[in-house]
Amino acid sequence: MKDLTPLLEPKGLVLRVLEDLDHVTALGRTRPSVLVLDLAAVGGLDSLAELVARLSPDADVPAAVLCLASRERGEGTLAWRLAALRAGVDSYQVMPVTQRRLAERILRLSGHLESRRYRVLVVEPQPDQSKKIAITIASAGMEVLVVEDPMKLLDRLQAFRPNLVLISQDIPRVGASELAAVIRDHDDFFGLPILFLSSDPDPVGQLEALKAGGDGFVLKPVQRHQLIAAIEQRVRESRWFRNRRTLENRRESARGFLPRAVFMAYLDRFLDARELGRDGLGLLVLELDQHARALERLGIGGYERLLGLMEAQISGLMSPEEAATRLDECRYALLASRERVSGLQSLAAGLCARLSEGLGTPDGSKQIGLTVSIGIGVPTPPLEDASTLLSRANQALTWAREAGGNQARLWTQSVVERAEVAIGHGMIRRLVNAALNHDGLVLLFQPVAPVARQGEELYEALLRLNTLDGEQISPTDFLASAERGGLMVRIDRWVLGHALEVMDRHRTSHPHMRFLVHQTVGTLAAPEWFPWFREQIVQRNLIRLYPVLQFQLADVRQNRLEAKPLMDRLKTYGIQCCVANVVGSRDDLTLLSKLGVRYVKLSMQILTQVEQVELMGIVQGLQERGIAVIATGIDDKERLAQVWSCRPDFIQGDYIEPPGEQLSFDFKRTAGGS
């Protein structure tokens, strides 16, 4: 145990060794963060449950218990581990164990989550250049390995396991693009970020390397701030994407924390399954105030360790029924349950106070004045989905930031919303009209992921209405009233016009991008619509980037006489159409074939209520008529598995990726069934 001291003290942990159980009563006063119990010294598994139950019973944050056991053998191995788990043990370690591994386990249980420094591998044949680059990278707190012989690259990759590769384009015998292609084709490194060092500023000369799988260029002579910024951006994007798409590092996460995608899927199911009328349920969103300043002062590794400490502090105040996640680089979400709303406010206030006291430099040497702001979203009045609850919490977070930070704010229903309930459709129409005049509408984008085909980047443009307090209302809550008020033509034009603006803005970075844009037959039937649309396309020179116009099946059925000539005319412009909420009946198939529809979105009704064999028949019947099928509403693994075997052409849903403002989905990885 003495050998643990030099491994724990630099992290601010003090080791105390108790030789027998007579000294355990003192632990209630000292409130340790971790208790390491040797099973042989405490009487074995039979007395373990009683011992754990009486350790620091009055502590706000119970100590984590690490159990040391003798070597495991035979069929009783699982039974022993289960008994320890049921007794309240947090971690079970079999002896013998090295001091370093034991120290790492203790540090993790205490909340000191280690984040390794970024590792950069540099392929540069010129010694003077490689030395300069290595010094520059090392000065930013990163590990660096220089490879002057490119033929040794794969061997060095296997041994060093870098977070990023920096390749010079001035390499004899082998091209930088060839090295990138080899890396991209390797199973272990296909997702590794690659930056090129280039002395040629001409983008045409850089194109070949980018096509081979490069992520960007740093021009020679290398400027320190440009190089470090490029490396940090690519590595952090790569880590963030990996953590969102996979369940890696679950063991190293703080207790009660879930990956973001898992958390959001659970939140949706939780909201569907629970009675939401009571007061004490809410979603807390926490953001580190002045996080950019903290990153600049602490560096990458220090900042990540700081967030690890923050996670541990949050975890310490969570009950077993609560869950949390890291939303992005500086924000966290906590699904909390208390007796009343006042309990949520007390929890948030306690977090603000506790985090402001505990967030110093990771080694505990000094404070740097870090604080958090917290927004509390509540599910009353009733909400549509988890995204709405998150929107409410984010709005409350904005209020907390605007008030100066280091405080919590509770989302409350605004006066306008109360008036909306009392007055009804008239208030909704006025709200929508005001939004059209004062930029109160917003577009979110959800990827429509291809199942087998490649080369298409299809997003659905989803409309939201911002209320005065910042909540985003879905179209199902306001379009009916807007239609009664004669506002659909203005809304449709706003949606299409803004979608075209986004396509124009991202045409270079997303050359294969297309949007599904909602429209109504009545809007397109107006005499001035086609001239207006032509003008929008010509102004932005979007000849090759036409959107896909999406109509509701009920709208098409009701206006089938107008729909047929409209869709025929759209074809002459090269514009394809999609019809949503299709149930696959014989009448639907006949109507869709006559209209020449290119895409359909299946109704949620048949995805949830129809048997597997029947659903497969509907999909195949549409595909035989040359219609691509989109299965939407993929909210969990079970729904994905059900739909996948029916082989639709596209899948869509919050489990794939929830709607957002950014076009960041990786279609290449999803295509082909990954």
Side-chain angles (χ1 to χ4, degrees), residues 104 113-171 173-198 206 209-210 212-220 222-246 248-249 252 295 298-305 308 329 666 668-669:
E104 290 176 353
L113 306 181
E114 288 292 333
S115 62
R116 297 178 179 176
R117 295 192 299 170
Y118 291 176
R119 298 181 302 279
V120 180
L121 188 146
V122 179
V123 184
E124 172 58 71
Q126 301 179 23
D128 56 337
Q129 288 284 343
S130 62
K131 182 178 180 180
K132 177 183 177 182
I133 293 169
I135 293 174
T136 300
I137 295 174
S139 67
M142 305 182 197
E143 296 182 34
V144 59
L145 175 66
V146 175
V147 178
E148 295 182 358
D149 183 358
M151 305 310 294
K152 298 180 180 179
L153 174 61
L154 285 182
D155 181 62
R156 298 298 185 266
L157 284 173
Q158 294 281 6
F160 188 56
R161 293 287 171 173
N163 301 111
L164 180 138
V165 179
L166 196 61
I167 302 177
S168 173
Q169 283 201 300
D170 305 319
I171 302 178
R173 295 188 297 162
V174 60
S177 60
E178 293 176 314
L179 291 178
V182 170
I183 294 173
R184 286 287 175 259
D185 190 49
H186 199 289
D187 289 341
D188 293 338
F189 309 115
F190 67 91
L192 190 64
I194 300 173
L195 289 177
F196 295 102
L197 293 167
S198 174
Q206 303 171 358
L210 291 176
D215 294 290
F217 284 84
V218 178
L219 292 179
K220 295 181 179 179
V222 174
Q223 301 295 320
R224 183 184 187 279
H225 67 281
Q226 294 178 346
L227 177 61
I228 299 305
I231 292 175
E232 289 184 357
Q233 178 187 0
R234 295 301 178 184
V235 175
R236 297 180 74 185
E237 284 179 355
S238 175
R239 282 189 172 184
W240 175 234
F241 180 82
R242 182 191 65 220
N243 291 338
R244 289 183 65 186
R245 299 287 171 213
T246 67
E248 292 182 9
N249 300 326
E252 285 73 21
L295 176 60
L298 296 177
I300 300 169
Y303 182 75
E304 290 295 333
R305 287 192 291 275
E329 293 182 349
D666 192 337
K668 291 181 180 179
R669 291 196 178 185

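Heads up: numbering here begins at 1 and tracks the sequence. This one's a predicted model, so the numbers in the text were calculated from it and none came from an experiment.
In terms of heavy atoms, Phe196 sits closest to Ala180 at CZ-CB, 3.7 Å. When every heavy atom of Val218 is checked against every heavy atom of Ala230, the shortest pair comes out as CG2-CB, 3.9 Å. Taking all atoms of both residues into account, the shortest heavy-atom contact from Val120 to Met142 is CG2-SD, 4.0 Å. The two atoms that bring Ser139 and Thr136 nearest to each other are OG-O, 2.6 Å, heavy atoms only. Between Arg161 and Arg119 the shortest heavy-atom distance is O-NH2, 2.6 Å.
For the atom pair CD of Glu143 and CZ of Phe160, the computed distance is 5.5 Å after rounding to the nearest 0.5 Å. Separating the OG atom in Ser177 from the CD1 atom in Ile171 is a distance of 10.0 Å, to the nearest 0.5 Å. To the nearest 0.5 Å, atom CD1 of residue Ile137 and atom CD1 of residue Ile231 are 4.0 Å apart.
Leu166 pairs in a side-chain contact (heavy atoms from CB on, under 4.5 Å) with only one of the listed residues (Val144, Ile133, Leu121), which is Ile133. Screening Val165, Val174, Ile194, Leu154 for a side-chain contact (heavy atoms from CB on, under 4.5 Å) with Leu179, the sole residue that qualifies is Val174.
Checked against salt bridge (Lys or Arg N to Asp or Glu O under 4.0 Å), Arg224 has no partners two or more places apart in sequence or in another chain.
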Could you list the donor-acceptor pairs under 3.5 angstrom formed by side chains in residues 122-129, with sequence neighbours left out?
residue : atom : partner : partner atom : Å
Glu124  : OE1  : Ser168  : OG           : 3.2
Glu124  : OE1  : Lys220  : NZ           : 3.2
Glu124  : OE2  : Gln126  : N            : 3.1

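Residues Leu145 and Pro162 fail the side-chain proximity criterion, which asks for heavy atoms closer than 4.5 Å.
Without hydrogens or angle criteria, Asp215 side chain to Leu195 main chain gives no donor-acceptor distance under 3.5 Å.
Contacts classified as salt bridge (Lys or Arg N to Asp or Glu O under 4.0 Å) and involving residues 146-158 (residues at least two apart or in different chains) are given here: Asp149-Arg173.
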